[in-house]
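Okay, so here's the structure we're looking at.
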Amino acid sequence: MGFTEHSVLLEAPEDFNFWLTIRGSGWSVLKPFSFNEERQALSRVHRLSSGETARATVKEKRKGELEILVESHEGLEKSGLEEIEQAVAACLRLDEDQSSLLDLLRGYPEFGWVEEIGAGRSVRSPTVFEDVVKTICTTNASCGLTKGIVSRLYSKLGEVFAGDAYTFPTPERMASAKAEFIKKEIKAGYRSPYIAELARKVVDGELDVEAWNNSSLVSSSLKREILKVKGVGEYAADNILKLLGRYDFLALDSWMRRRFSETHGGGGEVSDEEIREFYAPFGRWKGLVFSLDMAKDYLVPRSR
DNA sequence: GCGTCCAGGTCTACC
DNA sequence: GGTAGACCTGGACGC
């Protein structure tokens, strides 16, 4: 099947390391995202407000400039291309000003590598709804299980674009599926009613998760709002806040606790309180510094 | 191939 | 407020 193709250029911050951002983010392995190691490109199918679907493949053209290849069935108007551009920028957090983080880390030589390699950014979804659903899918689940659940949500409830490429399901499609279907076909287990209830509340207008993006609430108050969602506990709420660009909390899970113990606790038992105290000096960036610290071995080239 | 065990957060009931 | 047990899936392992 032939597609109409457009190429869109997107400006990126000078310190933006595109491929490190893609490879270092757990979200880029979850559908509808897919990445091509050889071409160093990230793809996903977007659903536009017009209802049209288009696949955007992003790669770095040169430092500070990204190129988006947009494929669509009928060709897109300028407004559609702008929507894709905005969605890609949101997914890559290009608008996030991390200069105060870098200023802060200059006082900590052990974190000099962050600025050196351009680490600090990660991938998120274009909608808060998608990020909340995916976060619920990470709770009490191995990486493989999360990928499986998200992949089945995508292929069984998403809208087909071409071949096995789909959109992420809209709240409407997910709400129409019912918890029974999500449990049986998506194999989300006991998380199924949580996902179904979230979708229904969003569709009914009972819950506006997209408003969390520009909420005027302080992070602790916003966290209390997020915790009202069934299936979202302490870890999940912190993770959602991180995806919203608020790094006031750590999002402690069992892997991170184990990793902290290995790197800073000599492999012994470390309490959550001790971990919080360790990162307290990093203020509003503590959650991001924690993530970076724990991922250092995966982010920094081994030849260093 | 089958059964068992385990890892992974959150919810609910109970104290 | 703190804690125990249930909730599901999939991978590892032993037989």
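Reckoned from all heavy atoms, side chains included, excluding hydrogens, waters and symmetry mates.
Using cut-offs of 30° and 60° for the angle between ring planes, the W255(A) and Y298(A) rings count as tilted. Ring orientation note: the planes of H264(A) and F278(A) are tilted relative to one another, at an angle of 30° to 60°. Between F111(A) and Y108(A), the ring planes are perpendicular. Angles over 60° get that label, and only those under 30° would be called parallel. Taking the six-membered ring where tryptophan is involved, the planes of F260(A) and Y279(A) are perpendicular, since the angle between them exceeds 60° and thus also 30°.
In summary, the aromatic rings of Y154(A) and F33(A) are positioned with their centroids too far apart to meet the 6.0 Å limit.
Taking five base pairs at each end of the helix from dG1(B)-dC15(C) to dC15(B)-dG1(C) and finding the rotation axis that steps the C1' atoms of four pairs onto the next four gives two axes whose angle is 30°, to the nearest 10°.
F3(A) carries R55(A) over the face of its six-membered ring, with the cationic atom under 6.0 Å from the centre and within 45° of the normal. Annotation: cation-pi geometry not satisfied between K242(A) and F290(A) (NZ/CZ under 6.0 angstrom from ring centroid, within 45° of ring axis).
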Classify every nucleotide of nucleotides 8-15 of chain B by which part a protein heavy atom approaches to under 4.0 Å, writing B for the base, S for the sugar-phosphate alone and - for neither, in 5'-to-3' order. BBSSS---

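A salt bridge links K156(A) with E185(A): at least one charged nitrogen is closer than 4.0 Å to a carboxylate oxygen.
If you measure from atom CZ of R152(A) to atom C1' of dC8(C), you get 12 Å, rounded to the nearest angstrom. Rounded to a whole Å, the CD1 atom of I195(A) is 14 Å from the C1' atom of dC7(C).
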